Amino acid sequence: MIKADQIVPYSALYIDMQYRHLFNTLWSYLKPIDQDKYIQQIEEIWLGGLKNQKILVTLCVRASTDLVLQALNWPPGSEVIITGINIPDMVQVLRLNGLIPVPIEVDPHTLGCTLDQFKQFYTEKTKGIMISYVFGAKFDASDIIDWAKSKGLFIMEDEAESFSAPNAKLNPNVDFSTFSFGSIKTCSAFGGSISVIRNNEALYRKMKAIQETYPKWSQRNYFKRTLKNLIPMILLNSRTINRSSRWIFINFFPNWDYKEFVVNSIRGFQKNPDDILQTYRFRVPDPMMVMLALRMKTFDTDQFNISISRQLVGQSILKKGGLLVPGHAVEDRKFWLYPVVVPDPETTYKVLNSRGIDAYMGVTQLDIVESPIGSSYQYPNSTLAYFKNILYLPIHQNADLKSIQRICKEVIEVVEMLKSQHPKL
């Protein structure tokens, strides 16, 4: 039986939401609001009066990507070169809009790609590129963006996992950047996406016109999602409740997969099996819009950066211990989730959890983007080689430095122990 004081009181998932945010938006369920007022508030925070940029608020990143692809209306069979790690739903949005996503390998050290890789897969069918920054590691893609601009390609940035501040400096040559504020994202609003469209008023108006034809996602759905997120929020965010509840689960309900319960509780959407794109073709409900505006106004950049400095200490410990932290080589490193590559993730996971460290496997829907069927494009085998060995550690912006240091040292110790027992690892 594990003792309570052996349990590190953090989980690999953390819901970046405060109870005050929930209370301060309750009124929006009771009376209709002027959404334009809140969009204007978000624009003021994000754009600071820049006239060549527009903000579009959507239900999720998949919805905003679907909108821009509908507005662009490329010929079926057009190709989009994309970074080779993403969630399957994003790849499906591209395919259901008649496009062929062409994946390229993702370097484990930067979680990025090179210009030569993009050039290699460029053809006369290529209409655009999509650069996805995963796990909070925003690699320098400026040379890729400049090249794509010179070729007349449409440039999309999927920043679902790389939000760091509402007024963060973005590359002015990118045509479309989209950010997620889902349940386990940084600055969560329990849903919603904010997209920036640059230097293209006509495209913005097309997207807006298409969006206006959508019905609103119901307030009831958003309220249900909020309630579903409350239980994981209570279990994950409070150190006392996290430690005591996990002590009970581990010692008295060892066969109950509480992690699966938590992950299922925070999943975003129940898909429409008849038409998956219709799942996302809704406008934002009033309470979600109010929540998004509130989160942008109250985001504490200083506290966020302080938490990143603690997480970087953990990265340094793991690197010195000979372990790969994907994205470690990015200069301005931020974190969304905390991945580490280990030789035997399943056994490492079991040993760490037996020691009171709540590591996770399969906590995210991120996966390898497979090459188009029947094409000559290469399967991203190099990316798969490290991606399949990723384990997620209970380190996030709420974790204290002492716990981060303990977690990382224990991970190194466990990996070394397993290597000594199984020299082939």
Side-chain angles (χ1 to χ4, degrees), residues 61-62 65 69 77-145 147-148 151 153-162 178 180 323-330 333 336-346 361-392:
V61 160
R62 285 150 287 182
T65 305
L69 294 178
S78 297
E79 295 180 349
V80 181
I81 306 173
I82 67 174
T83 42
I85 299 176
N86 212 314
I87 62 170
D89 286 358
M90 282 290 281
V91 179
Q92 203 166 28
V93 166
L94 289 166
R95 289 180 176 145
L96 290 174
N97 275 280
L99 307 175
I100 300 173
V102 179
I104 53 181
E105 298 277 13
V106 176
D107 180 79
H109 303 287
T110 63
L111 288 173
C113 310
T114 66
L115 174 56
D116 286 342
Q117 289 174 293
F118 276 82
K119 287 181 176 180
Q120 180 185 350
F121 293 108
Y122 173 72
T123 72
E124 69 278 358
K125 292 183 179 180
T126 306
K127 294 294 184 183
I129 67 171
M130 177 183 284
I131 302 170
S132 298
Y133 305 107
V134 294
F135 299 130
K138 190 169 181 179
F139 70 99
D140 183 3
S142 54
D143 57 343
I144 298 169
I145 292 166
W147 167 80
K151 293 291 184 181
L153 299 177
F154 189 80
I155 304 165
M156 297 176 276
E157 281 185 322
D158 171 7
E159 301 222 30
E161 300 174 11
S162 58
T178 184
S180 172
L323 295 179
L324 170 63
V325 180
H328 70 89
V330 171
R333 179 68 205 268
W336 178 76
L337 299 183
Y338 207 93
V340 62
V341 177
V342 296
D344 183 354
E346 189 167 343
M361 294 173 65
V363 71
T364 172
Q365 297 179 66
L366 280 176
D367 206 347
I368 302 300
V369 179
E370 296 191 358
S371 302
I373 296 172
S375 77
S376 60
Y377 296 116
Q378 301 167 355
Y379 190 88
N381 287 308
S382 298
T383 306
L384 180 63
Y386 69 85
F387 190 82
K388 67 182 181 180
N389 281 1
I390 284 179
L391 188 66
Y392 299 95

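All values derive from a computational prediction rather than experimental measurement.
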_Contact between F135 and L366 at the side-chain level, heavy atoms closer than 4.5 Å - yes or no?_
yes
*T126 side chain to Y122 main-chain N or O, any donor-acceptor pair under 3.5 Å?*
no
_Donor-acceptor under 3.5 Å (E105 side chain, N381 main chain)_ = yes
*Which atom names give the shortest non-hydrogen contact between P345 and L391, and what distance separates them?*
O-CD1, 3.9 Å
*Point-to-point distance, once rounded to the nearest 0.5 Å, from CG of N389 to CG of L384*: 9.0 Å
*Is a donor on one side and an acceptor on the other found under 3.5 Å between the side chain of T110 and the backbone of G112?*
yes
_If I compare all heavy atoms of I145 with all of E157, which pair ends up nearest, and what's the gap?_
CD1-OE2, 4.0 Å
Kindly list each side-chain donor-acceptor pair under 3.5 angstrom involving residues 92-102, sequence neighbours excluded, with atom names and distances?
| from | atom 1 | to | atom 2 | distance (Å) |
| --- | --- | --- | --- | --- |
| N97 | ND2 | D66 | OD1 | 3.1 |
| N97 | ND2 | V93 | O | 2.8 |

*Check whether any side-chain heavy atom of V341 sits under 4.5 Å from a side-chain heavy atom of P326, and report yes or no.*
yes
*asked:* I want to check something: taking the side chain as every heavy atom from C-beta on, are D344 and E346 in contact at a cut-off of under 4.5 Å?
replied: yes
*Is there side-chain contact between I81 and Q120, with heavy atoms separated by less than 4.5 Å?*
no
_Distance-only side-chain donor-acceptor flag, T123 / E79, under 3.5 Å_ = yes
*Taking the side chain as every heavy atom from C-beta outward, state whether K127 and L153 have any pair of such atoms under 4.5 Å apart.*
no
*asked:* Side chains of T114 and D116: any donor to acceptor distance under 3.5 Å?
replied: no
*Min side-chain heavy-atom separation M130-I155 under 4.5 Å*: no
*asked:* Distance alone, cut at 3.5 Å: any donor-acceptor contact between the side chains of N86 and D367?
replied: no
*Starting at CE of M156, measure out to OG1 of T178 and round the result to the nearest 0.5 Å.*
11.0 Å
*Nearest heavy atoms of D143 and L115, plus distance in Å*: OD2-CB, 3.8 Å
*Test side-chain contact (heavy atoms from CB on, under 4.5 Å) on W147 and K119 and set out the steps.*
CA-CA 9 Å; W147 167 80; K119 287 181 176 180; 3.7 Å; yes
_One pair to check against side-chain contact (heavy atoms from CB on, under 4.5 Å): I87 and R62. What are the steps and the verdict?_
CA-CA 10 Å; I87 62 170; R62 285 150 287 182; 4.2 Å; yes
*Go through the steps to decide whether K138 and E159 satisfy the test side-chain contact (heavy atoms from CB on, under 4.5 Å), and finish with yes or no.*
CA-CA 9 Å; K138 190 169 181 179; E159 301 222 30; 2.8 Å; yes
*What's the shortest heavy-atom distance between A137 and L111, and which atoms?*
CB-CD1, 3.9 Å
*Looking at the rings of Y133 and F139, which for Trp means the six-membered one, are their centres under 6.0 Å apart?*
yes
*Any side-chain heavy atom of P103 sitting closer than 4.5 Å to one from T83?*
no
*What are the two closest heavy atoms between L324 and P108, and how far apart are they?*
CD2-CB, 3.7 Å
*asked:* Can you confirm whether I129 sits close enough to I82 that some side-chain heavy atom of one is under 4.5 Å from a side-chain heavy atom of the other?
replied: no
*With side-chain contact (heavy atoms from CB on, under 4.5 Å) as the test, would you mind laying out the steps for D158 and M90 before giving the verdict?*
CA-CA 10 Å; D158 171 7; M90 282 290 281; 3.9 Å; yes
*Calculate, to the nearest 0.5 Å, the distance between atoms CH2 and OG belonging to W336 and S180 respectively.*
8.5 Å
